[in-house]
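Report on one structure; see the data block that follows.
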Amino acid sequence: MGDCIFCKIANGEIPSRTVYEDEEFRAILDLGPATKGHTLILPKEHFADFFELPEEKAHHLMDVAKKLAPKLVSRLHADGLNIIQNNGAAAGQTVMHYHLHLIPRYENDGANLLWTPGKMSDEELDEVLKTLE
Ligand code: 5GP
Ligand code: ZN
């Protein structure tokens with residue numbers, strides 16, 4: 001993926017503020033952070049999104065997230081943390097190289113990451129459930 005910026009960052013061709021690295025993943029500080037400590041975990045190999053990420057890598061990724069999330073919270077004295085991952089433009093993905101967002105949260109930080117609850121009838125919910133059976 002010659003022109004993928006996250007391939008270059010993940011493999012060290014473009015410098016980044018790296019908070020964690022192993023043979024398969026690099027975690028970096030987001031350049032446009034939603035809050036202080038907003039971190040992205042990137043695979044070194046190119047996968048566009050969650051659907052392309054192989055299962056073993058997804059397991060390893062969760063191990064990395066389990067290490068980093070508590071560290072972000074304790075070192076930065078955060079009050080909470082969002083784990084977010086966007087797949088596809090419709091879902092808000094802007095960089096088409098898989099990345100997991102770890103976003104420390106602080107009381108009244110004003111970061112606008114949550115949705116307004118919608119409404120769905122019992123029939124509609126049952127219809128969705130049927131589709132997923
Ligand atoms: P997405 O919307 O694709 O889920 O998230 C892309 C994220 O990558 C955004 O939070 C954006 O601030 C961050 N980002 C985009 N380009 C760069 C970059 O060159 N370096 C770093 N560190 N973060 C970037
Ligand atoms: Zn890439």
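Note that this is a predicted model, so its numbers are computed, not measured. Atoms within a ligand are numbered from 1 in the order they appear, just like the ligands themselves.
- The CG atom of L53 sits 8.0 Å away from the CD atom of Q85 when rounded to the nearest 0.5 Å.
- Judged purely by atom type and a 3.5 angstrom limit, Y106 uses its side chain to pair as donor or acceptor with the backbone of K36.
- With a heavy-atom cut-off of 4.0 Å, Y98 does not touch ligand 1 at all.
- Close approach to I9 involves these atoms of ligand 1, each under 4.0 Å from a residue heavy atom: 18 (C), 19 (O), 20 (N).
- Scanning the protein for heavy atoms near atom 9 (C) of ligand 1, the closest one is D30 OD2, 3.3 Å.
- Given atom 23 (N) of ligand 1, the protein heavy atom at minimum distance is L31 N, 3.3 Å.
- Using the six-membered ring where Trp is involved, H99 and F6 have ring planes that are perpendicular, over 60° apart on the 30 and 60° scheme.
- With hydrogens and angles disregarded, no donor-acceptor distance shorter than 3.5 Å links the side chain of R105 to the backbone of G80.
- When non-hydrogen atoms are compared, ligand 1 lies under 4.0 Å from the backbone of L29 (N, CA, C, O) but not from its side chain.
- Of the heavy atoms in I28, only side-chain atoms (C-beta onward) come closer than 4.0 Å to ligand 1.
- Take the N/O/S atoms of H97: the one nearest the Zn ion (ligand 2) is ND1.
- Looking only at side-chain heavy atoms (C-beta outward), I28 and T39 stay at 4.5 Å or farther from each other.
- Summary of contacts: the protein heavy atom closest to atom 1 (P) of ligand 1 is H99 NE2, 3.2 Å.
- Ligand-side atoms of ligand 1 in range of I5: 19 (O), range being under 4.0 angstrom from any heavy atom.
- Each of the following atoms of ligand 1 lies closer than 4.0 Å to a heavy atom of T94: 1 (P), 2 (O), 3 (O), 5 (O), 6 (C).
- For the residue pair H97 and D49, no side-chain donor N or O sits within less than 3.5 Å of a side-chain acceptor on the partner.
- Only the side chain of H101 comes within 4.0 Å of ligand 1, counting heavy atoms alone; its backbone N, CA, C and O stay farther away.
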